[in-house]
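Below is one structure; the comments refer to it alone.
Note that these values count all heavy atoms, side chains included, but never hydrogens, waters or copies made by symmetry. Here the structure is a predicted model, which is why all the values come from computation and not from measurement.
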Amino acid sequence: MNNKVIIAVIVIVIIGVSAGAYLLLPSASGNSLLPSGTAPDWEITVSGEGATPTVVSVSDMTEMPLTNVTHTIKGELATYVGVLFTDFCEQSGVSWCAGPVEVTASDGYAKTVNLYQAWNSTQYPEEKMILAFVKDGEYMTKETGGPVQLIAPSLASQYQIKNIASLNVGLWTIQVSGDVSNPMNITGLDITCFETKTVQLAFAPGGEPQRTSTWTGADLWDILEAAGVSESATT
């Protein structure tokens with residue numbers, strides 16, 4: 001093999017390695033799910049009784065754990081990238097005992113979801129509820145449903161809210177009413193005021209195999225007594 005052939009082979013190898021390295025390079029933020037370029041200048045205001053007031057930008061969201069989901073909205077199939085709704089809430093000062101979340105678009109259109117729906121969606125890979133800001137490999141704009149859109153595959157099309165501007169978070173509430181002398185609305189914050197007990201019990205969630213877990217919470221009878229349950233109550 002002469003010197004020219006050897007040099008040619010070396011050049012080809014270098015080019016191939018360089019191209020491969022370029023293709024493997026992550027985006028500027030270090031997350032391979034993100035497109036190139038700068039994230040849109042857009043913010044979501046988080047407020048309400050169940051949250052610490054804060055403002056979260058799309059740039060902030062790019063630093064959170066990201067996921068993707070493919071979903072069809074009004075006949076259009078697309079792959080969206082964003083933050084799990086539950087992760088967004090956890091990292092944005094939402095209380096552990098939050099319940100209803102009113103999701104409002106920039107034009108005032110709003111729908112309410114709850115954190116149980118959001119958490120439950122994570123158990124099914126194709127139904128993950130996310131706040132998306134990338135669609136088919138491109139940052140979303142107002143024209144494409146963004147800069148942030150709620151993608152909730154298990155919910156109807158009217159819940160796929162575009163141009164999200166704010167989340168108003170309420171507390172999860174348990175209503176104690178009926179044959180009681182002191183009707184009560186208990187939030188997660190209130191329930192911690194009751195004496196707590198810890199038990200180990202078997203449980204089969206949603207038809208899954210039975211498993212034993214450790215549970216800590218308030219005694220139901222203590223709550224009923226605080227509500228003034230009648231001696232004539234049966235259910």
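Atom CG of D41 is surrounded by 12 or fewer heavy atoms from other residues, nucleotides or ligands within 6.0 Å. Other residues, nucleotides and ligands contribute only 12 or fewer heavy atoms inside 6.0 Å of the OH atom of Y116.
Judged by the 6.0 Å distance and 45° axis criteria, K135 is not positioned over the aromatic ring of Y80.
Taking the six-membered ring for Trp and thresholds of 30 and 60 degrees, Y139 and F133 have nearly parallel ring planes, at less than 30 degrees apart.
When side chains are defined from C-beta on, V56 counts as touching F88, because their heavy atoms get closer than 4.5 Å. Side-chain contact check for V103 versus T112: every heavy-atom pair is 4.5 Å or farther apart.
Remark: E49 CD to S95 OG distance equals 9.5 Å, nearest 0.5 Å. Within the model, atoms OG of S59 and CD of E43 stand 10.0 Å from one another, a figure rounded to the nearest 0.5 Å. Once rounded to the nearest 0.5 Å, the distance linking OG of S177 with CG of N182 reads 12.0 Å. With rounding to the nearest 0.5 angstrom, the SG atom of C97 is 8.5 Å from the CG atom of D190. Here E63 contributes atom CD and S57 contributes atom OG; the two are 9.0 Å apart, rounded to the nearest 0.5 Å.
Side-chain atoms of T214 and Q200 include a donor-acceptor pair closer than 3.5 Å. Side chains of T52 and T54: no donor on one and acceptor on the other come within 3.5 Å. Counted by atom type alone, T216 and T198 present one or more donor-acceptor pairs between their side chains at under 3.5 Å.
Shown here are the salt bridge (Lys or Arg N to Asp or Glu O under 4.0 Å) partners of D179, two or more places apart in sequence or in another chain: there are none.
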